[in-house]
Amino acid sequence: MNQPIQINNHPFRFLLYLEWILLTLAISTSTFPDPSPRFANQFPELTIGCLIIFGFMGLRLPTGKPIYKIIYTAIEIILLFITGMFGGRVARLFPFIYLILVTRSCLIFQLPGRLVVTGLSFSLFLMTLNARLPRALPPQAQERFRFITFNTALLFGLSLIFVLLLMNTVLSERQSREHLAIANEKLRRYALRIENQATLEERTRIAREIHDSLGHSLTALNLQLETALKLWQSNPEKAQTFLSRAKELGSKALKDVRQSVSTIRVNPLQEKTLEQAISVLLEDFHRANGVSPRCFINLDYSPPPEINIALYRIIQESLTNISKYAKATEVILALTSTKKSLRLMVQDNGIGFDIQQNTTGFGLHSMRDRTLALGGEFKINTTPNSGCQIIVDIPL
């Protein structure tokens, strides 16, 4: 059973207002004289005082230690017992005050405590009902009163059970909404943390690539230029060869810089559709590697922008890894969508790798984190000398 709601005051204001309306009617009724001496209100001031105290107790429901809740409920029961025994018309016409006791217990206790309070409420009602029954009546009239008493008790008992079940349902639904809100907030924070971690890892990877590729190119370029300067007067033809090589290294360094800038761009799609952006990636891959990937795209439903960017980055990272490590001669890219999910598959026939020994790659972590941040599933199927297959399933 769910834990009771921890509150500092009444969680359902409309119920509190309803309680006050009903108790106001009960107090008003207790001030009128009853024509039947048997049901006369013997102590109207005491009855009114008990009802007022009972009503104000609804403003502050107990929390914390169970003993405070038990004392609070015991005081309520005593007030209702006094009202029932001496309230006259109030006890006969307003048994709903016992329903108020049950609703409050649902806001205070767990299920066992709620059942105990419900049983006590029913017992108080029976005591009040029996205390007001006439004692000297003909047998036929007594049978009739017993029948009416039984039906009244049965109806009131069913009413108590209905209120108990209704309050349990309402409170369970409220707690479910609260738990769902907490879970959504945790998920949002987790997604933000994953996004920040993926961004940090991506920046680290880009910094490493700049150091490895651009740094190497610039170092080699510097050596070529120094050698050309030394040979410029003694051997101009050989110096020309070093200058040509330096120009090639400069072009490669410029390409590396442009690729790094393209990688860290905030919105890589830039008003292009996902299909157009993928086409540009495949063209760049073809020019760089001489391999023309086969592409199959079937998007019946256009994904949201955040999913488009994540897919673009995953495809970009996959093609980068294939260019650097796979030595592949064939690449297949498939992207399909349904009403409920979207699947991306990137496959090559390269040298593959041992997934157990390659668990620290920035690219693989980045792709996996992007997928998990969208609630998706990331899979890698690869073995040495058997190519690699990356599958990404993202719910829509």
Side-chain angles (χ1 to χ4, degrees), residues 1-26 50-85 87 90-131 149-183:
M1 176 56 62
N2 293 327
Q3 295 294 325
I5 297 177
Q6 299 297 322
I7 55 177
N8 292 325
N9 48 37
H10 209 293
F12 301 104
R13 305 301 296 181
F14 71 94
L15 283 180
L16 183 60
Y17 299 148
L18 181 61
E19 289 180 8
W20 288 350
I21 293 173
L22 297 177
L23 291 174
T24 301
L25 292 175
C50 291
L51 292 176
I52 292 176
I53 296 174
F54 182 77
F56 277 106
M57 288 181 67
L59 289 173
R60 184 69 61 177
L61 300 181
T63 59
K65 296 182 179 180
I67 186 64
Y68 297 150
K69 301 177 182 180
I70 295 175
I71 294 175
Y72 177 91
T73 305
I75 294 174
E76 286 187 316
I77 293 175
I78 293 173
L79 292 174
L80 295 186
F81 176 78
I82 295 174
T83 302
M85 297 305 295
V90 176
R92 288 188 296 119
L93 300 181
F94 293 94
F96 57 78
I97 56 179
Y98 303 110
L99 299 179
I100 297 177
L101 177 63
V102 173
T103 57
R104 290 182 183 178
S105 71
C106 292
L107 301 174
I108 299 174
F109 296 105
Q110 299 182 20
L111 182 59
R114 299 170 188 176
L115 294 175
V116 170
V117 175
T118 302
L120 291 175
S121 300
F122 186 69
S123 300
L124 283 175
F125 176 76
L126 291 181
M127 292 174 59
T128 302
L129 197 63
N130 291 328
T149 302
F150 175 78
N151 287 342
T152 303
L154 179 62
L155 180 61
F156 184 73
L158 293 177
S159 299
L160 287 177
I161 295 175
F162 173 77
V163 170
L164 178 63
L165 294 177
L166 179 62
M167 289 299 298
N168 283 340
T169 303
V170 172
L171 293 175
S172 297
E173 183 181 356
R174 186 170 189 251
Q175 290 175 341
S176 298
R177 288 199 302 267
E178 291 177 352
H179 294 162
L180 181 60
I182 294 174

Residue pair Leu164 / Cys106: nearest heavy atoms and the distance that separates them: CD1-SG, 3.6 Å
Atom pair CD/CD of Glu178 and Glu173 - distance to nearest 0.5 Å: 11.5 Å
Beyond-backbone contact of Val116 with Leu120, side-chain heavy atoms, under 4.5 angstrom: yes
Side chain to side chain, Thr103 and Glu19, heavy atoms closer than 4.5 Å: yes
Leu79 side chain near Met57 side chain, heavy-atom distance below 4.5 Å: yes
Separation of His179 NE2 from Arg177 CZ (nearest 0.5 Å): 12.0 Å
Aromatic ring pairing Phe156/Tyr98, orientation class (parallel under 30°, perpendicular over 60°, tilted between): perpendicular
Interatomic spacing from CZ in Arg114 to CG in Asn168 - rounded to 0.5 Å: 4.5 Å
Spatial distance of atom CG (Leu160) from atom CG (Leu165) [nearest 0.5 Å]: 11.0 Å
Beyond-backbone contact of Val117 with Arg104, side-chain heavy atoms, under 4.5 angstrom: no
Distance (rounded to the nearest 0.5 Å) between Met167 CE and Thr118 OG1: 11.0 Å
Side chains of Ser105 and Thr73 in contact at under 4.5 Å (non-hydrogen atoms): no
Validation row: Leu18, Ile100 side chains within 4.5 angstrom (heavy atoms): no
Nearest-0.5 Å distance that lies between atom OH in Tyr72 and atom CD1 in Ile77: 12.0 Å
